[in-house]
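Notes to accompany the following structure.
Within every chain, numbering begins at 1; the chains are lettered A, B, ... in the order of the sequence lines, protein sequences first and strands thereafter.
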Protein chains: 2
Amino acid sequence: MAIAPDEAATQTLVRDLLERIGDKWSVVVICQLGGSTRRFNELRRLCAPITQRMLSVTLRGLERDGLVRRTVFDTKPPRVDYALTARGLSLLAVVRGLAGWAESHVDEILESRATFDGD
Amino acid sequence: MAIAPDEAATQTLVRDLLERIGDKWSVVVICQLGGSTRRFNELRRLCAPITQRMLSVTLRGLERDGLVRRTVFDTKPPRVDYALTARGLSLLAVVRGLAGWAESHVDEILESRATFDGD
DNA sequence: CCGCATCCTCTCTGATACTG
DNA sequence: CAGTATCAGAGAGGATGCGG
């Protein structure tokens, strides 16, 4: 019978999470942030070819959800550091888990795609 | 082995996976398919309020990647069954893993969102 | 150096209507 | 029952220029 006691809740939770990290850049930023602290343009280079705008938007979203911490230094020229919070780090672990599955199955999936001809 | 042997590859793999399951309905369909075989309209009710079109599109995508198997019975009225493949089932396990993280952190994230006012 | 504002395009999604 | 075709709206994402 039921392996999953509450399928509906599972779906909703996962969909919420995917709306968080399912966008184009969140995962890339999280991975590049890793355990290190990075400055804005440094991160931008690491996440190339991300645009300035999308890095800004993505970081703000992650910060909003408490996954990234933003530290402003009131110097000249200005300096802003970004780092994963503890919560962000735990998400990074989840992302690495996803990578494991993807790595194991990417070849088969590409194979399926190539073979598929619409039935 | 290293915690992060190849960050760049990790990002790409995860992004590819998210482009597969990051759409609005794939996860819902996969969850509802679970271990069971379902017919089209049955699945449609379970995935409500999905539209006919989106269920069709989503299933076709999943089938294309070998995650769902489509079985046509040449009867009248027509009957088509859908079920997860072994690959699809392994993905379902991954999705349940995501749900675990989401469940643990959804409250804190909502809290962060409510508190966040642009720093 | 850091980042916002504007505009614009392109994809995803949903509504609706039609077919075997 | 199980789809496909067409159209239209919404929103993500990219280009560019300005400001602190």
### Task
Say whether A/Arg87 and B/Ser112, considering side chains only, have a donor N or O and an acceptor N or O under 3.5 Å apart.
yes
### Query
Is the shortest side-chain N to carboxylate O distance from A/Glu63 to A/Arg69 below 4.0 Å?
no
### Query
Rounded to the Å, how far apart are A/Arg53 CZ and D/dA12 C1'?
8 Å
## Note on the structure
the helix from C/dC1-D/dG20 to C/dG20-D/dC1: angle between terminal helix axes, five bp per end, to the nearest 10 degrees, reads 40°
#### Entry: Matching residue for B/Leu43 among B/Thr58, B/Leu59, B/Ile50, B/Val28 - test: side-chain contact (heavy atoms from CB on, under 4.5 Å)
B/Leu59
#### Entry: Side-chain donor/acceptor of A/Glu42 to backbone N/O of A/Arg39, under 3.5 Å
yes
### Query
So does B/Asp65 pair up with B/Arg20, basic N to acidic O under 4.0 Å?
yes
### Task
Let me know the distance between CZ of B/Arg45 and C1' of D/dC1, rounded to the nearest Å.
11 Å
## Note on the structure
Rounded to whole Å, CE of A/Met54 lies from C1' of D/dT16 at a distance of 15 Å
### Query
Take atom CD in B/Glu103; do more than 12 heavy atoms of anything else shown fall under 6.0 Å from it?
no
### Message
So A/Val57 and A/Arg53, do their side chains get closer than 4.5 Å, heavy atoms only?
### Response
yes
### Backbone of B/Gly100 reached by a side-chain donor or acceptor of B/Ser104 within 3.5 Å
yes
### Query
Do the side chains of A/Trp25 and B/Arg15 get nearer than 4.5 Å, heavy atoms only?
no
### Query
Is the side chain of A/Thr51 donor-acceptor paired with the backbone N or O of A/Met54 at a distance under 3.5 Å, no angle test?
yes
### Message
Expected output is a numbered-order residue list: members of residues 31-41 of chain A with a heavy atom under 4.0 Å from any atom of DNA chain C. What is it?
### Response
A/Arg39, A/Phe40, A/Asn41
### Task
With a 4.0 Å heavy-atom cut-off, tell me which residues in residues 75-82 of chain A come close to DNA chain C, sorted by residue number.
A/Pro77, A/Pro78, A/Val80, A/Tyr82
### Reference residue B/Tyr82; test side-chain hydrogen bond (donor to acceptor under 3.5 Å, both in side chains); the match among B/Arg70, B/Arg38, B/Gln32
B/Arg70
### Query
Does a side-chain N or O from A/Thr51 land closer than 4.0 Å to OP1 or OP2 of D/dG13, or not?
no
### Message
Which residue in the set B/Val14, B/Val95, B/Ile21 passes side-chain contact (heavy atoms from CB on, under 4.5 Å) when paired with A/Leu98?
### Response
B/Val14
### Query
Is B/Phe73 isolated, or which residues cluster with it under the ILVMFWY side-chain rule of less than 4.5 Å, directly or via members?
none
### Query
Within this structure, what is the CZ-to-C1' distance between B/Arg60 and D/dT4, rounded to whole angstrom?
9 Å
### B/Arg70 vs D/dG3: side-chain N/O to OP1/OP2 distance below 4.0 Å
yes
#### Entry: Spacing between B/Gln52 atom CD and D/dT6 atom P, to the nearest angstrom
16 Å
### Task
Please report the shortest heavy-atom distance between B/Leu89 and B/Gly35, naming the atom on each side.
CD2-CA, 4.3 Å
### From B/Leu84 atom CG to B/Leu67 atom CG, the distance as rounded to the nearest 0.5 Å
8.0 Å
### Query
At their closest point, which heavy atom of A/Leu18 faces which heavy atom of B/Gly22, and how far apart are they?
CD1-CA, 4.4 Å
### Task
Would you jot down, in residue-number order, the residues of residues 12-27 of chain A having a non-hydrogen atom under 4.0 Å from DNA chain C?
none
#### Entry: Outermost nucleotides of DNA chain C that come under 4.0 Å of a non-hydrogen atom of chain B
C/dT13 to C/dG20
